[in-house]
Amino acid sequence: MKQFSIRVVVAALLLGAFAAPALAKVAVGEAAPDFTLTDSNGKPQSLSQYKGKTVVLEWNNPQCPFVAKHYSGNMQRQQADAVASGVVWLTINSAAPGKEGSMDGAAANAYVGKVAAKQTAYVLDPNGTAGHLYAARTTPHMYVIDPAGVVRYMGGIDSIPSTDKDDLPKATQYVRQALAELKDGKPVSVPTSQPYGCSVKYGS
Amino acid sequence: MSPRFASGLCLARSLIGAIRTGAILSGMILIGAIATCAESVAAPVQTEHVRVALISEKNALVPGQRAWLGLRLVHEPHWHTYWINPGDSGLPTKLAWHLPAYLQADEIAWPTPQRFDVGTLSNFGYSGKALLPVALEVAPTAKRGSIAHVSVDAKWLVCREQCIPGKATLKLSLPIAATAVTHSRWQHVFAAARAAQPLPSAWSGSARLAGDRIEVALSGADLPSTDQLDAFVVQRQVVGYERPRARRDGDSVTFDFARSEYFSAPPAALDLLIVDGGRAGEAARSVTVPFAGAEAGSPRH
């Protein structure tokens, strides 16, 4: 665990030094970078601890209208269904302290309770470490990682970029689709899509 | 300008228009004009952080001619709305028209956007006062003397650091007449919108995938110097949105973009706006270049 933390710190330093070009690291078919962060209950959460399981990463900002659209029920249902079938679902908040949507553990737990979210853990990333590692740009921004630790999907949660709940029934839910295809041993038919949403509120 | 003055102006113009077109000044027309004039200048709607209005360049629609309407966006300081390609986040403004059969609205004639960079994230859009112009084709069969009721459902996302979705249904009633004059109130607004339109360039070129970069080479007369060049790409999932590097290669200028992580297949063609920051006030140039297949010249993995 400690080793991974050091790697994250080094990666963060490198990212800081080289800025944008270093962002384009995560790619479908390649190994997902590891991170170790703390969740809303103070427990460490790393990607590597879930080796052997499918993992969904979801970037979150409770105050973003795109996030609110999907938390009208779509996101919670997908979380519940995924977790019920053995998938690990990590919701990550990369807002810097003082920025919109930034929360401590207690506030995050209150939010999770209020919206009845069903993720495995709500992960706090106030330094933007995991966010920069994955080049997460929007809330929501979604990644699906297979049990071998390989990225199988990255992009938007669905096919209709909007803040309008009425679009949900018409949209293809890419994460749900990717999880179903992975479960059936099929290739992911839509492995990338344009992420859409609010920008992730990183610190400067 | 007060709404009262605007309404009075409109009513007077409608009456003059009616007299000119030889229409009978019946009570019906007069009442119609009074009822609709307040709208025909514009009906601004103040929403959170942006005031929106549907405006018409001219006071009437002329059968067989093209008219220009526009969605006027007056943003609060530091707030912005988005271009057709919003960049790393955001949403383009959308318009859905409800029109009589003799009218047809074109797509938004997008003005050249501004770049908004925050850290490693880039967006394209508009701040301050902006106009999204839309051409309205008026069929020759449109009946002079009647009133066209035009309605548009506008949806936008307005952001500072936080983002707020907005929507409004905006209505305009315009007389159909033999002639039309420009509203003095909006003359400068439409003139500014025309100046903000990119001009088609005569440059030719091509785009190609080069590893994790995308290169766009342009050649032709009058190429700008590379010092302060920027380029905005209309299509999504092709390039990264940070400012591309521009270099002079003999007789051509090459833009070096990061490849989008969400690039899946080369589009048939790429539409770009080229903005020369060194020539303030000069219109951006638009250019469409074919996209060479991934095989052409790029290293194989």
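Per chain, numbering begins at 1; letters A, B, ... match sequence-line order.
Across all their heavy atoms, B/Leu91 and A/Ser162 have their closest contact at CD1-CA, 3.7 Å. Contact record, B/Glu161 with A/Glu100: O-OE1, 4.4 Å, taken as the closest heavy-atom pair. What you find for B/Glu261 and A/Val26 is that their closest heavy atoms are CG-O, 4.4 Å.
Contact of A/Ser193 with chain B is made through the backbone alone, with heavy-atom distances under 4.5 Å. Of the atoms belonging to A/Pro195, heavy atoms from both backbone and side chain fall under 4.5 Å from chain B. For B/Lys94, the part lying under 4.5 angstrom from a heavy atom of chain A is the side chain only. Both the backbone and the side chain of B/Cys163 come within less than 4.5 Å of a heavy atom in chain A.
The distance from the CG atom of B/Asp88 to the OG atom of A/Ser199 is 8.5 Å, given to the nearest 0.5 Å. Between B/Tyr262 atom OH and A/Arg137 atom CZ the span is 7.0 Å, to the nearest 0.5 Å. Taking CD of A/Gln194 as the reference point, atom CZ of B/Arg236 lies at 3.5 Å (rounded to 0.5 Å).
Ranked by non-hydrogen atom pairs under 4.5 Å with chain B, the options A/Val200, A/Val28, A/Thr163 are led by A/Thr163.
More than 12 non-hydrogen atoms from other residues, nucleotides or ligands lie less than 6.0 angstrom from CD of B/Gln46. Other residues, nucleotides and ligands place more than 12 heavy atoms under 6.0 Å from the CZ atom of A/Arg176.
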Inset, instruction - List the steps and the verdict of side-chain contact (heavy atoms from CB on, under 4.5 Å) for A/Cys198 and B/Ser89. - result: CA-CA 5 Å; A/Cys198 305; B/Ser89 58; 5.8 Å; no
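At least one side-chain heavy atom of A/His132 sits under 4.5 Å from a side-chain heavy atom of B/Thr120. The closest side-chain heavy-atom distance from A/Phe66 to B/Leu157 is below 4.5 Å.
Using a 4.0 Å cut-off between charged nitrogen and carboxylate oxygen, B/Lys155 and A/Asp164 count as a salt-bridge pair.
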